[in-house]
Amino acid sequence: DEEEQGGKMFKIKYSINLLPKIGAYYYKKQDPYTRQWERKIANNDVNILGCMCEGDEIDIFNCESVQDLIEFKWGAYGFNFHLFGLVYHMAYMVILFLYTNIVYISPPEAIKDGKPVAPYEPGYDYSQINNYSFILLAGILYPLLYELKQMAGGLSDYFLDLGNYIDIVYIFGSVAMAILHMTLEKGPYGPVSKIFMLVVVTLAIRRTFNYLRIFRMFSPIVTMIFQVLIDLNAFMLFFLILILLMSLMYMVIGFYNPL
């Protein structure tokens, strides 16, 4: 009858992924006395994805069930979490750009004895510049709290990852940079303040690339760039030596050398 009416039958196959039951998951249980439903967690000490990452069986990630589990966890939890981190990081980058423009490119002039006094000149009032450093602390607050929470989860596991050392230098370097800009006599114009800011800006490049990995179109490119830098570590060493020695030549010549 269906063929006479031009109808078609479609078979739909349903499958249930039971991998989440192996790791930690929430479930509801009704209390027999109060008849209230309670939310509990099972297998709290089991991290299924962590166990897969620690193993040597790379082919397990080609399994369709494992890929579905990873995609579900990423879409439900991971992406939005790291997207918030990316937005906060980009806001901090905007703060750094504005701070650099106000402090180093177009610094406000001070008036002394009826004459304008520019930075680097004697008698300049650095207090008006130091107040801008409070904004830098606001931009690093979320990453600082996040790293402290990661450390609280286990210092031994935290320091096994080399990337965490770089994050510590970046975050605590940013905090130290803001404090030095506020407390030093010459504020952000002192050599120590500039060195800290150069380190923070350099490490911000790596952190920005790391956040871009949450997007599918950027993840392979970022991974490739990091892998190329690792493979070219010997070349980078020779390149650094050339830069240092060439800069030494310019230091000997001296642009302001009267001779």
For the [atom1] atom on [X], are there more than 12 heavy atoms of other groups (residues, nucleotides or ligands in this structure) within a distance under 6.0 Å?
X: Q30; atom1: CD; value: yes
X: Y27; atom1: OH; value: yes
X: M236; atom1: CE; value: no

Roughly how far, to the nearest 0.5 Å, is [atom2] of [Y] from [atom1] of [X]?
X: M197; Y: T202; atom1: CE; atom2: OG1; result: 11.0 Å
X: K194; Y: M177; atom1: NZ; atom2: CE; result: 14.0 Å
X: R207; Y: D167; atom1: CZ; atom2: CG; result: 5.0 Å
X: F81; Y: L86; atom1: CZ; atom2: CG; result: 12.5 Å
X: L232; Y: L237; atom1: CG; atom2: CG; result: 12.0 Å
X: Y77; Y: H82; atom1: OH; atom2: NE2; result: 14.0 Å

Inset, instruction - Could you tell me which non-hydrogen atom of A178 sits nearest to which non-hydrogen atom of S133, and how far apart they are? - result: O-CB, 3.7 Å
Would you kindly confirm whether [X] and [Y] end up in one hydrophobic cluster when ILVMFWY residues are joined by side chain heavy atoms under 4.5 Å apart?
X: L160; Y: I168; result: no
X: F97; Y: I95; result: no
X: F172; Y: V169; result: yes
X: Y104; Y: L136; result: yes
X: L155; Y: I166; result: yes

Inset, instruction - Sequence neighbours left out, what passes ring-ring contact (aromatic ring centres under 6.0 Å, His included) with Y165? Give chain and number order. - result: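 Expected list: F159.
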Legend entry - Residue pairs passing the ring-ring contact (aromatic ring centres under 6.0 Å, His included) test where at least one lies in residues 192-213, sequence neighbours excluded: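 Matches after skipping sequence neighbours: H89-Y211.
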Determine whether [X] and [Y] make a side-chain contact, defined as any pair of heavy atoms from C-beta on separated by less than 4.5 Å.
X: L98; Y: V94; answer: yes
X: L96; Y: M93; answer: yes
X: Y189; Y: V103; answer: yes
X: H181; Y: Y99; answer: yes

Legend entry - Co-members of F238 in a cluster of I, L, V, M, F, W and Y side chains, linked at under 4.5 Å: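 When side chains under 4.5 Å apart are linked, F238 ends up in no cluster with other residues.
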Check: residues 60-74 side-chain donor-acceptor pairs under 3.5 Å, at least two apart:
residue: Q67; atom: NE2; partner: F61; partner atom: O; Å: 3.2

Legend entry - Worked check of side chain to side chain contact (heavy atoms under 4.5 Å, CB included) between L19 and I22: CA-CA 6 Å; L19 285 177; I22 302 176; 3.8 Å; yes
Under 3.5 Å, which donor-acceptor pairs link side chains of residues 214-231 to any protein atom two or more places apart or in another chain?
residue: T223; atom: OG1; partner: S219; partner atom: O; Å: 2.9
residue: Q227; atom: NE2; partner: D231; partner atom: OD1; Å: 3.2

For residues 138-150, dump all side-chain donor-acceptor pairs below 3.5 Å to protein atoms at least two apart in sequence or in another chain.
residue: E147; atom: OE1; partner: Y158; partner atom: OH; Å: 2.3

